[in-house]
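This report refers to the structure that appears directly beneath it.
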Amino acid sequence: MLREVVSEASTPKPFNEENINETFLHPQYRIDLRRYSDKEYNKFVHLNTVSDWSLLTWKDIGKPFEVQKYSKERTDWELEHARQMDPQTSWTYFNKAFHEWFIKDIPAEKTHGKKQFIKSLRSFHTKEIKHALGDLIQLQLWNYIHRIQDGIWDPRGKRALFEGLHLKKPRILFLGAAEGYEAMQLGAMYPGSEIIMVDYDEYCKNTRFADFPEDYPFLGENPKTGQGKVIYKDDLNIEYIVDDIRNLDFGKEFDIVLSVGLLEHFPDKYKHEVADWHRRFLKEGGYAILTTPRNQLRSRLYYHVMADVMNHTYRELMTVEQMGLYMYEAGFNILRHGYIKVHNGLICQPR
């Protein structure tokens with residue numbers, strides 16, 4: 001049964017197995033415990049479109065689209081310092097800007113935004129009108145992409161990409177973890193997981209991860225019955241490390257090495273290094289899982305309109321073929337690839 005209601009959590013864990021196949025619209029985000037029907041799956045999930053990666057060439061597929069409109073914070077910083085913003089500073093700015101949007105009460109913000117726009121019209125000041133309209137457009141777009149479509153977290157799509165790995169109690173390493181969403185979804189799907197999250201921005205551990213809602217439910221599996229089970233953040237075994245990935249002293253000890261939105265932040269001359277980070281920590285037979293934002297018209301529009309929120313760092317938009325070819329040329333076999341609402345996804349293993 002598909003059901004959409006507004007839910008205000010009154011208990012620490014307000015959802016349970018009775019809510020599976022339901023969806024709830026929260027003022028900040030969507031909760032989605034639904035599974036795809038066969039019809040929906042074929043509409044939203046497109047897997048394994050390349051039959052032989054060895055036959056694919058860059059001439060066939062072209063190079064990724066580079067997003068070149070940067071945030072005002074970055075351009076102002078660079079004017080002030082007379083140099084290009086360094087990567088760690090740019091990630092600090094991005095993480096704070098992004099989190100500020102995640103915690104907005106969107107319906108309340110939209111109401112306020114409309115009032116501000118009407119007020120600006122009465123002022124007859126072009127600059128004020130333009131600013132108020134821009135704020136309102138950003139709110140409407142964020143509401144649609146994150147809250148209505150649930151394109152950023154996309155639990156149903158992510159589960160479709162992650163399923164069927166035949167792992168028991170895997171060790172999961174999440175590189176560039178931010179708030180850690182995808183590792184928590186994996187941990188729910190593969191009971192008994194041990195999750196290590198890594199990010200070199202302390203803000204990610206102390207704010208983005210720390211403030212991730214305790215009452216957000218992940219659809220996972222009950223290992224005793226094989227049936228669906230609702231899992232929460234504090235049900236999972238998670239350690240969060242603040243450090244540069246290059247400083248990690250782990251060996252080849254993880255069943256899954258995961259990255260989400262990492263590969264596209266590096267120009268071509270560094271992509272082999274990003275691939276090596278995934279290889280370096282994998283057990284024999286382990287899986288590297290990567291996602292990147294899709295190169296599609298609505299993604300380009302999103303990164304244009306939301307530039308002040310999103311565009312502090314170097315960023316590319318890729319097709320799944322481009323993403324897969326990078327990893328294939330870096331020595332990985334592509335086991336599963338596909339695209340969902342706004343992301344590409346790969347599951348691969350070192351050759």
Residue pair Asp150, Arg156: steps toward the salt bridge (Lys or Arg N to Asp or Glu O under 4.0 Å) verdict: CA-CA 9 Å; Asp150 203 1; Arg156 291 196 289 172; over 6 Å; no
With ring centroids as reference points, do His146 and Trp101 lie under 6.0 angstrom apart? no
State yes or no: are the ring centers of Phe102 and Phe212 separated by less than 6.0 Å? no
How many angstroms lie between atom [atom1] of [X] and atom [atom2] of [Y], to the nearest 0.5 angstrom?
{"X": "Lys110", "Y": "Leu139", "atom1": "NZ", "atom2": "CG", "value": "8.5 Å"}
{"X": "Leu263", "Y": "Tyr270", "atom1": "CG", "atom2": "OH", "value": "14.5 Å"}
{"X": "Asp234", "Y": "Asp215", "atom1": "CG", "atom2": "CG", "value": "10.5 Å"}
{"X": "Leu335", "Y": "Ile347", "atom1": "CG", "atom2": "CD1", "value": "7.5 Å"}
{"X": "Phe218", "Y": "Trp153", "atom1": "CZ", "atom2": "CH2", "value": "7.5 Å"}
{"X": "Asp308", "Y": "Asp135", "atom1": "CG", "atom2": "CG", "value": "9.5 Å"}

Do [X] and [Y] touch side chain to side chain, with heavy atoms closer than 4.5 Å?
{"X": "Arg159", "Y": "Pro155", "value": "yes"}
{"X": "Tyr93", "Y": "Met85", "value": "yes"}
{"X": "Arg294", "Y": "Leu317", "value": "no"}
{"X": "Tyr326", "Y": "Met318", "value": "yes"}
{"X": "Gln28", "Y": "Ile103", "value": "yes"}
{"X": "Ile145", "Y": "Met306", "value": "no"}
{"X": "Gln84", "Y": "Arg74", "value": "yes"}
{"X": "Leu282", "Y": "Pro350", "value": "yes"}

Check [X] against [Y] and note the closest heavy-atom contact, atom names and distance.
{"X": "His99", "Y": "Tyr203", "result": "CD2-OH, 3.5 Å"}
{"X": "Thr291", "Y": "Val260", "result": "OG1-CG1, 3.3 Å"}
{"X": "Tyr302", "Y": "Phe98", "result": "OH-CE1, 4.4 Å"}

Does Glu100 pair with Lys104 as a salt bridge, N-O distance under 4.0 Å?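 Salt bridge absent between Glu100 and Lys104.
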In one Ile/Leu/Val/Met/Phe/Trp/Tyr side-chain cluster, 4.5 Å: [X], [Y]:
{"X": "Met323", "Y": "Leu258", "value": "no"}
{"X": "Phe266", "Y": "Trp91", "value": "no"}
{"X": "Phe174", "Y": "Ile241", "value": "no"}
{"X": "Phe254", "Y": "Tyr287", "value": "no"}
{"X": "Phe94", "Y": "Trp77", "value": "no"}

Kindly indicate whether a cation-pi arrangement holds for Lys43 with Tyr36, taking the cut-offs as under 6.0 Å to the six-membered ring centre and within 45° of the axis. no
Over-ring placement of Arg351 relative to Tyr328, 6.0 Å and 45° cut-offs: yes
Does [atom1] belonging to [X] count more than 12 external heavy atoms closer than 6.0 Å?
{"X": "Lys63", "atom1": "NZ", "value": "yes"}
{"X": "Asp38", "atom1": "CG", "value": "no"}
{"X": "Glu202", "atom1": "CD", "value": "no"}
{"X": "Arg83", "atom1": "CZ", "value": "yes"}
{"X": "Lys252", "atom1": "NZ", "value": "yes"}
{"X": "His304", "atom1": "NE2", "value": "no"}
{"X": "Tyr144", "atom1": "OH", "value": "no"}

By side chain to side chain contact (heavy atoms under 4.5 Å, CB included), which residues pair with Lys283, not counting sequence neighbours?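 Checked Lys283 against side chain to side chain contact (heavy atoms under 4.5 Å, CB included); matches are Asp255.
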List the residues meeting side chain to side chain contact (heavy atoms under 4.5 Å, CB included) with Thr92, not counting sequence neighbours, and say none if there are none.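 If we apply the side chain to side chain contact (heavy atoms under 4.5 Å, CB included) test to Thr92, skipping adjacent residues, the hits are Lys96, Asp201.
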Apply salt bridge (Lys or Arg N to Asp or Glu O under 4.0 Å) to the pair Arg246 and Asp244, showing each step before the final yes or no. CA-CA 5 Å; Arg246 294 167 292 187; Asp244 191 308; 2.7 Å; yes
Taking [X] for its side chain and [Y] for its backbone only, find out whether a donor-acceptor pair lies under 3.5 Å.
{"X": "Asp76", "Y": "Glu73", "result": "no"}
{"X": "Glu17", "Y": "Val230", "result": "yes"}
{"X": "Asn95", "Y": "Cys204", "result": "no"}

Salt bridge (charged side-chain N to carboxylate O under 4.0 Å, His left out) partners of Lys158, counting only residues at least two apart: Glu182
Taking it one step at a time, do Tyr181 and Tyr216 satisfy side chain to side chain donor-acceptor pair (under 3.5 Å)? CA-CA 10 Å; Tyr181 181 87; Tyr216 181 93; 2.9 Å; yes
If you apply the rule side chain to side chain donor-acceptor pair (under 3.5 Å), what do you find for Thr319 with Asn295, and how did you get there? CA-CA 5 Å; Thr319 65; Asn295 184 7; over 6 Å; no
If we ignore angles and hydrogens, is there a donor and acceptor under 3.5 Å between the side chains of His265 and Thr313? yes
